[in-house]
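Report on the structure given below.
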Amino acid sequence: MTESSSSSSSSPASVSSAKSTGAPRAPSQPYRHGKGWAIRRSYKGYSLFLSGYRSAAGASRAMRHKQQDIDDQQNPAGYGPERTTLAQAMQDYAMERLPFKKGAVQEARRINVYLRSAGLSLLDVQPVPSAKETPSRPAASTYFEVSLMPHQLEREIPKGLGAHRRAQLTANAKTDQLRAALATSPMADISRELIQRLVDQMRKDGNSAATIDLERSALRVLFNHARSHWRWAALCDNPATHLKMPRLDNQRSRVPSDQQLSRLAQELARCRNRQLAPTLALLAETAMRASEPLSHARWKDVNWTERILMLGDSKNGKRAVPLSDGALQALRALSALNGQEPEAPITTATYDALAAAWRRACKRAGLVDLHIHDLRHICATRWARVMPNVLHVMALTGHKTFVSVQRYAHVDAQDVVGIMRNASAICGPLAATLVPAGTSASPASQAAGAAPGAGADASAPEQAMGSNVLAFPQRRRA
């Protein structure tokens, strides 16, 4: 088979394929399609169609790559994309990959929505008990046991959330219809247009940009997995990419004042469960995620001498958490309640109990829109105002990039002014060496808020200047 010479091409605007049952077609040549070039060809039972290329040579080159992919992947797993629905593919993917993912519970919840729409068995995700870690045997990388449970048309609704759940179903009725149509469609039939319709309808139904992005991400990961791990070469393109998505802007900067935090601390001290207040204090002093002390920290991990809490597992793997005086005080309070058995958790409080106490305390303290995770923001911001550089803050929070730590350390111009005042007391202001004496207002008038030069006494004697100040001679008119 001869082709025209290849050249660089742009990413295809649309790519589709379907298994053909008839006789293979003769090789076709690229042709004009809209503003670009397209090519259609039958190869080894697959009907391939690629479009959106800048040149005929680019379309031919892309087609050769697709044919090579089919040659290299002759044994696709399962029944292939033509005979596997989206929901069934999601179920298979979940059984394979979720045991090894720390966010399996949240991901299973999103996948179950599709499984429920297709009438398939639902995912049941349970944490694996952590095995004892030894130098020769590191901690297991399997985090969850994933099994299937009988299909349920409706989810179990926690007590008190019935009205919320009914309102949610009504608001997302059209989204659920589109999602059900996708769930029961073969993988090979799902196009970028269909997923874009789902995204647009979710926006119309009032879903947040973060919720839409998470659902799109689940679909994108599934198609990538089918292509790379199941060898489904017929999926020439990932339809969950290059979509028109709402702008994602979910950064929070909720940092209460010291007075508000004082009121909150007083309310938390009234909790009947004596573990809750020191556990929350530990979060506020260390910028840890709530799951880290609740699920991962053991008393054996606390180094009282070096003031380090060594987490064997966190979102970003192992990390050392620096302990401030307040953090040590919180740990001592927890040890007085729970003891210090090396293998025992530092707190036996559950997240549900922690969250319930937090909501009640915030309500009594008059604080609105304050989450437990905001303690991570509060701690990072407080220490960012006094630490020498951002690398120290990253060591505290456990972030790997500057962009990530920026979401938590909220430093503004007023904070910089405070640092400048402290620094000036040590090294002296640079302006004092450059600005001629007598041209600025006296410290007393500046403290009173007077404008420069306002009310200045020309006959007042010059104040004594520091040894680091270079005095310039002044010329006065006669």
Side-chain angles (χ1 to χ4, degrees), residues 8-18 33-40 46-55 58-59 61-70 72-73 76-77 80-82 84-90 92-94 96-98 101 103 106-107 110-111 113-114 175 178-179 181-183 185-204 207-250 403:
S8 60
S9 64
S10 62
S11 299
S14 64
V15 183
S16 65
S17 68
H33 186 263
K35 295 183 179 180
W37 288 83
I39 187 170
R40 189 185 300 274
Y46 289 97
S47 179
L48 306 176
F49 171 70
L50 289 75
S51 69
Y53 293 90
R54 295 179 180 176
S55 65
R61 181 185 180 186
M63 179 59 73
R64 287 198 301 272
H65 288 167
K66 299 307 174 186
Q67 293 175 191
Q68 185 63 47
D69 288 342
I70 294 175
D72 294 341
Q73 303 175 8
E82 294 81 13
T84 306
T85 64
L86 175 69
Q88 183 62 61
M90 280 187 159
D92 295 340
Y93 162 80
E96 290 181 14
R97 301 308 311 159
L98 291 194
K101 304 185 74 171
Q106 295 81 2
E107 194 166 347
R110 287 188 288 271
I111 292 176
V113 176
Y114 285 85
T175 293
L178 291 176
R179 191 182 286 121
L182 284 175
S185 299
M187 289 277 285
D189 293 347
I190 295 177
S191 64
R192 183 171 285 104
E193 179 186 4
L194 294 176
I195 299 181
Q196 184 67 63
R197 288 183 193 173
L198 175 66
V199 169
D200 294 343
Q201 189 59 53
M202 291 182 72
R203 296 180 69 175
K204 292 177 182 178
N207 292 275
S208 68
T211 299
I212 299 173
D213 186 69
L214 287 171
E215 183 142 356
R216 189 276 297 265
S217 178
L219 295 171
R220 185 181 64 240
V221 169
L222 173 66
F223 278 91
N224 285 337
H225 183 82
R227 170 80 177 168
S228 59
H229 293 273
W230 295 341
R231 303 178 300 279
W232 288 4
L235 299 178
C236 299
D237 185 32
N238 190 330
T241 59
H242 307 295
L243 300 173
K244 295 180 179 179
M245 300 290 293
R247 181 182 178 185
L248 182 60
D249 185 12
N250 59 350
V403 174

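Just so it is clear, the model here is predicted, and its values are computed rather than measured. Atoms considered below: every heavy atom in the structure, side chains included; atoms not considered: hydrogens, waters and symmetry mates.
Classification of Glu215 and Arg179 as a salt-bridged pair holds, one side-chain N sitting under 4.0 Å from a carboxylate O.
Taking every heavy atom of both residues into account, Ser51 and Ala38 meet most closely at CB-CB, 3.6 Å. Between Ala87 and Tyr114, the shortest heavy-atom contact is CB-O, 3.9 Å. Of all heavy-atom pairs between Ala183 and Thr85, the closest is O-CB, 3.5 Å. For the residue pair Trp37 and Arg54, the shortest heavy atom distance occurs at CD1-O, 3.5 Å. Nearest heavy atom pair, residue Arg216 against residue Ala240, reads CD-O, 3.0 Å. The nearest pair of heavy atoms linking Gln201 to Leu178 is CB-CD1, 3.6 Å.
Taking CD of Gln67 as the reference point, atom NE2 of His65 lies at 10.5 Å (rounded to 0.5 Å). Rounded to the nearest 0.5 Å, atoms CE (Met187) and CZ (Arg227) are 12.0 Å apart. Leu198 contributes atom CG, which lies 13.0 Å from atom CD of Glu193 (distance to the nearest 0.5 angstrom). Once rounded to the nearest 0.5 Å, the distance linking CG of Leu219 with CD1 of Ile195 reads 5.0 Å. Atom OH of residue Tyr93 and atom CG of residue Asn224 lie 9.5 Å apart, to the nearest 0.5 angstrom. Taken from CD in Glu107 to CG in Leu98, the straight-line distance is 5.0 Å, to the nearest 0.5 Å.
A parallel orientation is assigned to the rings of His225 and His229, their planes being inclined by less than 30° (bins at 30° and 60°).
No option in Val199, Thr175, Leu243, Asp200 other than Val199 meets the side-chain contact (heavy atoms from CB on, under 4.5 Å) test with Ile212.
A donor-acceptor pair is defined here as one N or O able to donate and one able to accept, closer than 3.5 Å; such a pair exists between the side chain of Thr84 and the backbone of Gly80. In this structure, Arg192 contributes its side chain and Thr241 its backbone to a donor-acceptor pair below 3.5 Å. The main-chain N or O of Lys244 is found under 3.5 Å from a side-chain atom of Gln196 such that the two form a donor-acceptor pair. With hydrogens and angles disregarded, no donor-acceptor distance shorter than 3.5 Å links the side chain of Asp237 to the backbone of Pro239.
In this structure, Leu222 and Ile111 have side chains that are not in contact, with every pair of non-hydrogen atoms separated by 4.5 Å or more.
Under the side chain to side chain donor-acceptor pair (under 3.5 Å) criterion, Ser208 pairs with Thr211, sequence neighbours left out.
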